[in-house]
2 protein chains.
Amino acid sequence: MDPAVLDAIASPRRREILRLVWREEQTVGAIHQAMPDVTFGAVSLQLRLLAEAGLVEARGERRNRFYKARPEALGPVAEILERMWDDALWKLKLAAELEETRRGPKPRRRPGRKSKREV
Amino acid sequence: MDPAVLDAIASPRRREILRLVWREEQTVGAIHQAMPDVTFGAVSLQLRLLAEAGLVEARGERRNRFYKARPEALGPVAEILERMWDDALWKLKLAAELEETRRGPKPRRRPGRKSKREV
DNA sequence: CAAATATTTTAGTTGTAACTAAAATGATTT
DNA sequence: AAATCATTTTAGTTACAACTAAAATATTTG
């Protein structure tokens, strides 16, 4: 397992793309339609990152490129993701997470301060 | 499994800290001594992030705070990390990775361009 | 070949993670 | 209560991931 894998799946956006191409290949356009809050170009760039990490593969047919996940490249992480996606609760969390991380890769850490040392 | 976990382990620096406190608790000072390329404060900040994600716990004794990993919070990811650390090859890669990511959280994507579509 | 369609790439912007240096806080000892 | 030790927090800097809009590239169709 490449550490690039850990990097790749740390992004909610990339996890969502992975999910979309998990079972069956999808065109970039189809993926983009499922993520209307980002531009086509943004989807293409994330697909490039995923492809460079070996987590998706592409196939060209006619005018389209079809992308498909490579679960075998994810090793044990594949099961973790699948478990997350199967969990209905997770779907809600993902939605909130995607909305929150409209820009910026990572969830903000909570601002709640605690002045005294907490043991 | 919280997605904050995936976030936390995406950072080589945090993975290294986790490794140091995996088997036995360590003071912040001891952790810092094992990572001389960053300041004490930087270590403390990353420990805070890990603690907020529930991946480490702290205990205060005398002047020191002892940090310890909480592998149970990592779920299946714990095994992945352990497997990585056990692999000698990984140790070399991690060293290079840490050196390369002196600043900046993630490995640069390779600049190699390919102008034609590659199917 | 021109037009249409699908995708990639470029150039530039923005938010923020990871860091540093120094100040602040907390705990212990004298 | 001052001095010392260990850690946390603050304020500010820097590098870069994720994004947008537009231009470029590739592929098929009329």
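Letters go in sequence order (proteins before strands), and every chain restarts at 1.
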Basic-acidic side-chain contact under 4.0 Å: B:D7, B:R14
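Looking at B:D7 and B:R14, the cut-off is not met.
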
For A:E24, look at atom CD and say whether over 12 heavy atoms of other residues, nucleotides or ligands are found less than 6.0 Å away.
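Count not over threshold, so no.
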
Looking at the side chain of [X], which of [options] is the nearest nucleotide?
X	options	answer
A:R65	C:dT7, D:dT8, D:dT29	C:dT7
B:S44	C:dT20, C:dA27, D:dT8	D:dT8
B:T39	D:dA18, D:dT4, C:dA21	C:dA21
A:S11	C:dT20, D:dC5, D:dA18	D:dA18
B:A42	C:dT28, C:dT20, C:dT8	C:dT20
A:Q46	D:dA6, D:dA18, C:dT7	D:dA18
A:L45	D:dT8, D:dC19, C:dC19	D:dC19
A:R62	D:dT28, C:dA21, C:dT29	D:dT28
A:R48	D:dT9, C:dT9, D:dT28	C:dT9

Interatomic distance, [X] [atom1] vs [N] [atom2] [rounded to whole Å]:
X	N	atom1	atom2	answer
B:E61	C:dA27	CD	P	14 Å
A:R63	D:dT28	CZ	P	8 Å
A:F40	D:dT25	CZ	C1'	13 Å
B:L49	D:dT8	CG	P	12 Å
B:L47	D:dT9	CG	C1'	14 Å
A:Q33	C:dT5	CD	P	14 Å
B:I17	D:dT7	CD1	P	13 Å
B:H32	D:dC5	NE2	P	17 Å

Between the main-chain N or O of B:Q26 and the side-chain N or O of B:K68, is there a donor-acceptor pair closer than 3.5 Å?
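Checked: no pair found.
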
What's the verdict on salt bridge (charged side-chain N to carboxylate O under 4.0 Å, His left out) for B:E16 and B:R19, showing C-alpha distance, side-chain angles and the deciding distance?
CA-CA 5 Å; B:E16 179 67 359; B:R19 191 180 65 80; 2.8 Å; yes

Applying a 4.0 Å non-hydrogen cut-off, can you work out what B:G29 is touching in the nucleic acid: base, sugar-phosphate, or nothing?
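Sugar-phosphate only.
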
For A:Y67 and C:dT8, is the shortest distance between a side-chain N/O and OP1 or OP2 below 4.0 Å?
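The answer is yes; a side-chain N or O of A:Y67 sits under 4.0 Å from OP1 or OP2.
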
Can you find a side chain N or O atom of A:N64 that sits less than 4.0 Å from OP1 or OP2 on C:dT7?
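True: A:N64 side-chain N/O within range (under 4.0 Å) of C:dT7 OP1/OP2.
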
Would you check if B:L6 and A:M84 make a side-chain contact, meaning some heavy-atom pair closer than 4.5 Å?
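Answer yes - side chains close enough.
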
